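Working notes for the structure below.
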Amino acid sequence: PPPPLLARPPGERPPGIIDLRATGWSLPVLRARMTDALARARATALEAPDLRRSFGRWCLLSWLLLAGSAAALGAGAGSAARVAVAGGLLVAWGLFWQFIIFVHLGLIRLPDGALRDRFGLPNGLTYLRILLVPSAGWMILAHERLHDHAVLATALFFLLGFTDVLDGLIARATDWGTTLGRNLDHLGDVLILSAVAIAEYLSGLLPGWLTALVLVRYVTTGAGGILA
């Protein structure tokens, strides 16, 4: 079994499924990394019940937000089959990120290695922002069919941008900067801006060369931020 996470030496880098610093990417290495990360996540959940319950509450809020955005933007989907497909993709997206964050609960640590006892508002805002990435892309792809929901779409885009600023301000003001939060923030920026650029290209609103430039710019800087 993994060592107790709350007693780990300060500065030790917890393992994760996705580690850009890793040297091996073969299937056995990835399987071993996933097994280790799951074991440590279970240990974290057992040793920090307040953190587990806090993350559970954010998961519940995330599903309510996904359901609300899907119901509000479903008018742009057209047929019932498209609505079902879009709903299925949203569920898969939510489950994927819920799993990824659970596996990396051990990264909710301060720079000195101390584990936080709660998920935290900054991490929660970043998590919700990532979950709204498909909705942001869909609002652009279906913009011609969403004229009746223009106010809602504008409010959702404002929410995405506002939470990007707010989570950083709260983290600095409350000394809540964690390893997980920093990595999620970089991933959120990459995902949102890339999704918007791709959606605008598919809608004919952005030329291909500019889309490629945006993707290269934000993917490279996002990876650099995670590696830093």
Side-chain angles (χ1 to χ4, degrees), residues 16-22 25 30 58 62 65-66 68-70 72-74 76-77 82 85-104 107 122-146 149-150 152-169 171 178-228:
I17 295 177
I18 301 174
D19 188 349
L20 297 182
R21 298 182 182 182
W25 288 92
L30 291 175
W58 278 103
S62 71
L65 183 63
L66 278 178
S69 63
L73 300 175
R82 289 184 177 178
V85 171
L89 291 175
L90 274 180
V91 170
W93 180 258
L95 289 174
F96 171 77
W97 282 105
Q98 189 170 321
F99 171 76
I100 288 295
I101 293 178
F102 171 76
V103 172
H104 295 88
L107 292 178
N123 292 331
L125 292 175
T126 306
Y127 173 42
L128 296 182
R129 187 169 78 251
I130 290 176
L131 291 182
L132 288 175
V133 168
S135 298
W138 178 248
M139 283 187 295
I140 296 173
L141 289 172
H143 67 279
E144 294 182 353
R145 299 193 295 271
L146 290 173
H149 303 275
L152 175 65
T154 303
L156 188 55
F157 264 107
F158 175 80
L159 179 64
L160 287 170
F162 183 65
T163 54
D164 189 19
V165 176
L166 189 61
D167 58 4
L169 291 176
T178 61
T179 304
L180 178 67
R182 178 175 59 83
N183 289 338
L184 283 181
D185 188 57
H186 287 302
L187 282 172
D189 292 341
V190 172
L191 290 171
I192 290 173
L193 294 169
S194 298
V196 169
I198 293 173
E200 289 184 346
Y201 169 71
L202 295 176
S203 299
L205 303 174
L206 201 66
W209 66 268
L210 186 54
T211 302
L213 187 62
V214 170
L215 294 178
V216 171
R217 192 271 189 210
Y218 284 103
V219 170
T220 53
T221 55
I226 295 173
L227 286 169

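Computed from a predicted model, the values in this text were never measured in an experiment.
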Closest heavy-atom pair, V133 versus A195, reported as atoms and distance to 0.1 Å, is CG1-CB, 3.6 Å

Exactly one of I192, D185, T126 clears side-chain contact (heavy atoms from CB on, under 4.5 Å) with D164, and that residue is D185

Rounding to 0.5 Å, atoms CG (N123) and CD1 (I101) come to a distance of 8.0 Å

Closest heavy-atom pair, V214 versus L193, reported as atoms and distance to 0.1 Å, is CG1-O, 4.2 Å

- [ ] For side-chain contact (heavy atoms from CB on, under 4.5 Å), just list the numbers for D189 and R129, CA-CA rounded to whole Å, side-chain angles, deciding distance to a tenth of an Å, and then say yes or no.
- [x] CA-CA 9 Å; D189 292 341; R129 187 169 78 251; 3.8 Å; yes

For L131 and G94 the tightest heavy-atom approach is CD2-CA, 3.9 Å

Rounded to the nearest 0.5 angstrom, the CG-CG distance for L132 and L191 is 12.0 Å

To the nearest 0.5 Å, atom CG of L169 lies from atom CZ of F162 at 8.5 Å

Between Y127 and S62 the two heavy atoms that sit nearest each other are OH-OG, 3.5 Å

If you define the side chain from C-beta out and look only at heavy atoms, does anything of W58 sit under 4.5 Å from L128? yes

Does some side-chain heavy atom of L206 sit less than 4.5 Å from a side-chain heavy atom of V196? no

Here the gap from F96 atom CZ to I100 atom CD1, rounded to the nearest 0.5 Å, amounts to 4.0 Å

G137 and A199 have their tightest heavy-atom pair at O-CB, 3.6 Å

*Classify the ring geometry between W97 and W93 as parallel (under 30°), tilted (30 to 60°) or perpendicular (over 60°).*
perpendicular

Distance col, row L210:CG vs L205:CG, nearest 0.5 angstrom, shows 11.5 Å

